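Structure first, then comments.
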Protein chains: 2
Amino acid sequence: MKDYDLTREVSDKYSLRGRVFTKIRDDILNGVYKEHEELKEARIGKELGVSRTPVREALRQLELEGLVQIIPNRGAFVTGISAKDVRDIYMIRSRLEGLCARWACEHITREQLESMEENVYLAEFHAGKGHMEQMAELDNQFHHTLYRACDSKMLEHLLNDYHEYLLRVRKKALSSIDRGTASNKEHRSIMEAIRAGNADLAERLASEHMKNAYANMVSNGLYDLYGK
Amino acid sequence: MKDYDLTREVSDKYSLRGRVFTKIRDDILNGVYKEHEELKEARIGKELGVSRTPVREALRQLELEGLVQIIPNRGAFVTGISAKDVRDIYMIRSRLEGLCARWACEHITREQLESMEENVYLAEFHAGKGHMEQMAELDNQFHHTLYRACDSKMLEHLLNDYHEYLLRVRKKALSSIDRGTASNKEHRSIMEAIRAGNADLAERLASEHMKNAYANMVSNGLYDLYGK
DNA sequence: GTTCAGATGGGTGTATACAATTATACATGC
DNA sequence: GCATGTATAATTGTATACACCCATCTGAAC
């Protein structure tokens with residue numbers, strides 16, 4: 001039998017369900033749907049020109065992604081993210097990114113390391129110019145490369161989940177240019193620790209990188225929008 | 001608006017879909033369905049006396065739980081767990097259980113602590129008698145109490161996921177009575193560290209507890225069944 | 001004014017029909 | 001013999017119909 005890919009992802013980007021799933025998901029992450037807003041199957045289906053069936057399936061999946069909550073016989077609602085949830089996720093990520101960096105020391109490929117180097121180099125340029133948009137994109141890229149480099153589908157997928165989950169919050173919490181610069185320096189340190197194969201150091205730096213990102217967010221008070 | 005529960009769980013235990021979901025899930029965890037076995041909607045529906053609709057929805061959810069993989073237009077297959085996946089999960093859990101124990105130091109309730117004490121006490125009794133069945137059940141219970149005690153829905157849910165995910169493997173890897181005794185001693189240490197409010201110690205002990213559990217599993221060579 | 005039974009409307013839950021896709025078997029050509 | 005094409009069966013993907021559940025409103029009884 002063929003050796004199928006084991007990661008748990010929403011397959012089938014090209015089916016109706018896949019398209020509906022992606023659409024609703026993006027709308028939630030981009031704030032089109034607010035917290036606790038009800039998502040009615042019929043309305044969404046009508047909007048996208050499909051029947052309720054693929055919409056239902058998409059919603060059921062989004063429930064497990066954590067973006068939607070379904071109450072039996074009542075409906076689907078956009079989940080709220082509390083300040084505590086955000087804090088918890090950052091702390092969970094700090095542990096996991098640390099583990100990820102540790103594993104990356106052993107498993108990173110030449111290409112991945114070069115991609116990281118390029119990323120850090122480029123980010124310095126954009127930081128100097130104050131290009132926030134590009135900084136954010138490069139930040140995403142850096143982390144995805146790191147997740148890749150740990151060579152663990154389990155961990156990579158988990159970290160991707162959380163990373164994307166937080167996009168809802170990060171979209172609002174525009175980080176300052178100062179934080180961007182500091183963050184990129186941390187990226188450089190992490191990369192160098194990995195290149196040197198220093199697993200203990202890499203784990204510690206990556207873990208602290210997350211804690212710093214969270215602390216910055218709190219000090220900016222920007223995610224209070226979501227607090228109760 | 002009502003303050004709905006935010007955890008991402010499969011709600012609706014009493015709908016057909018909920019029952020189908022639970023049934024298939026249990027069958028996979030109990031080894032009724034083997035790795036890479038195909039799960040056909042029509043057959044399962046017929047067996048359970050329901051139509052394909054709830055079966056489909058259950059399968060789509062199981063996909064995100066990681067127990068099933070769906071290939072578009074092809075079908076649903078039971079996912080395989082490789083030896084590496086098991087190792088990765090144990091390492092991930094070691095970090096997260098550590099974090100969980102740390103948080104429990106601050107948030108554990110009187111009842112939860114008493115439940116842990118009772119658990120450890122009872123486990124000593126069963127260890128002496130060689131009651132493996134009860135030991136396994138108490139082990140599950142201890143961890144669930146710990147997950148509860150950290151007072152984080154995010155972390156609790158994540159750990160529950162992994163815990164249950166590994167049941168497939170643990171069912172086969174019957175641990176020895178020696179490991180049971182050692183494991184329970186570790187439980188006691190963790191509990192005492194939490195009771196003393198020593199977060200650093202609790203985190204370290206809980207983290208090592210997982211690594212030990214994994215090491216024991218490897219030394220018994222029992223999960224090689226799943227290796228490639 | 002308050003409470004509660006019943007009607008009602010809007011929504012989800014499930015079954016079923018049909019369309020689209022894929023697997024299988026078999027024939028055909030080289 | 002082997003590869004390739006084609007017909008057919010089997011299976012999944014989607015639309016639709018209807019049953020069922022629940023929130024809301026109404027009105028009568030008190």
Side-chain angles (χ1 to χ4, degrees), chain A residues 1-5 8-25 27-28 33-34 36-65 67-79, chain B residues 1-5 8-25 27-28 33-34 36-65 67-79:
Chain A
M1 168 148 212
K2 228 180 106 188
D3 192 351
Y4 293 115
D5 186 4
R8 14 186 274 196
E9 294 189 11
V10 173
S11 38
D12 202 1
K13 273 176 27 176
Y14 304 102
S15 67
L16 290 189
R17 174 181 51 81
R19 292 215 317 269
V20 172
F21 178 91
T22 307
K23 176 67 164 59
I24 301 176
R25 190 167 181 287
D27 282 350
I28 293 177
Y33 297 128
K34 310 285 181 219
H36 302 300
E37 186 167 343
E38 183 168 6
L39 302 174
K40 289 176 189 165
E41 298 171 358
R43 185 185 55 73
I44 294 174
K46 209 168 177 180
E47 267 180 36
L48 303 180
V50 301
S51 78
R52 282 177 51 216
T53 310
V55 176
R56 275 183 67 81
E57 295 188 354
L59 287 174
R60 290 256 136 50
Q61 297 195 272
L62 285 163
E63 181 182 28
L64 290 192
E65 291 272 292
L67 292 176
V68 155
Q69 186 196 8
I70 293 174
I71 301 174
N73 291 310
R74 291 269 311 274
F77 302 84
V78 178
T79 55
Chain B
M1 169 147 212
K2 231 178 108 190
D3 192 352
Y4 294 115
D5 186 5
R8 14 186 276 196
E9 295 189 12
V10 173
S11 38
D12 201 1
K13 275 179 19 180
Y14 304 104
S15 66
L16 290 189
R17 173 181 53 81
R19 291 216 318 270
V20 172
F21 178 91
T22 307
K23 176 67 163 59
I24 301 176
R25 189 166 180 287
D27 281 351
I28 293 176
Y33 298 127
K34 311 284 184 225
H36 301 299
E37 185 166 343
E38 183 169 4
L39 303 173
K40 289 179 188 161
E41 298 171 358
R43 186 185 55 73
I44 294 174
K46 208 166 178 181
E47 267 179 37
L48 303 179
V50 300
S51 79
R52 281 176 51 215
T53 309
V55 176
R56 274 182 68 82
E57 296 189 353
L59 286 173
R60 290 258 140 42
Q61 295 196 269
L62 285 164
E63 180 181 29
L64 288 192
E65 291 273 292
L67 292 176
V68 154
Q69 187 194 10
I70 293 174
I71 301 174
N73 291 310
R74 292 268 310 273
F77 303 83
V78 178
T79 55

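FYI, side chains are in, hydrogens and waters are out, and symmetry mates aren't considered; it's all heavy atoms of this structure. Note that the coordinates shown come from a computational prediction; the quantities given were computed from them, not determined experimentally. The chains referred to below are lettered A, B, ... by the order of the sequence lines, with proteins before strands, and numbering in each begins at 1.
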- When rounded to whole Å, the CD1 to C1' distance for the pair A/I71 and C/dG13 reads 16 Å
- Query: Taking CZ from B/F21 and C1' from C/dT14, how many angstroms apart are they, rounded to a whole number?
  - Reply: 18 Å
- Query: D/dA15 P sits how many Å from A/R17 CZ, rounded?
  - Reply: 13 Å
- How close do A/R25 and A/L62 get, heavy atom to heavy atom, and via which atoms? CB-CD2, 3.9 Å
- Query: How does protein reach along nucleotides 16-21 of chain D, written 5' to 3' as B (base within reach of a heavy atom under 4.0 Å), S (only sugar-phosphate), or - (no contact)?
  - Reply: BB---S
- Of the nucleotides C/dG13, D/dG13, D/dA15, which one has an atom closest to the side chain of A/E41? C/dG13
- Message: If I compare all heavy atoms of B/E38 with all of B/G75, which pair ends up nearest, and what's the gap?
- Response: OE2-CA, 4.2 Å
- Query: If every non-hydrogen atom of B/R60 is compared with every non-hydrogen atom of A/Q61, which pair is closest and at what distance?
  - Reply: O-NE2, 3.9 Å
- Message: Tell me whether the side-chain N/O atoms of B/R74 come closer than 4.0 Å to OP1 or OP2 in C/dA23.
- Response: yes
- Item | Spacing of A/E57 atom CD relative to C/dT12 atom C1', expressed in whole Å | 15 Å
- Item | Minimum heavy-atom distance between A/L39 and A/I44, given as atom pair plus value | CB-CD1, 3.8 Å
- Query: Separation of B/E38 atom CD from D/dT11 atom P, in whole Å?
  - Reply: 8 Å
- Between C/dT14, D/dA15, C/dG11, which nucleotide has the shortest distance from any of its atoms to the side chain of A/K40? C/dG11
- Query: Within the structure, does a side-chain N or O atom of B/R56 lie under 4.0 Å from either OP1 or OP2 of D/dT12?
  - Reply: no
- Task: Taking all non-hydrogen atoms of both residues into account, name the closest pair between A/V68 and A/L59 and its distance.
- Result: CG1-O, 4.2 Å
- Query: In whole angstroms, how far is the P atom of D/dT11 from the CD1 atom of B/I70?
  - Reply: 16 Å
- Query: Is there a side-chain polar atom (N or O) of A/R60 under 4.0 Å from OP1 or OP2 of C/dG13?
  - Reply: yes
- Rounded to whole Å, the CZ-P distance (B/R19 to C/dG13) equals 15 Å
- Would you say B/K34 and B/V78 make side-chain contact, with heavy atoms under 4.5 Å? no
- Query: What heavy-atom pair brings A/E37 and A/Y33 nearest, and what distance separates the two atoms?
  - Reply: OE1-CA, 3.4 Å
- Rounded to whole angstrom units, what separation is found between the CG atom of A/L16 and the C1' atom of C/dT21? 13 Å
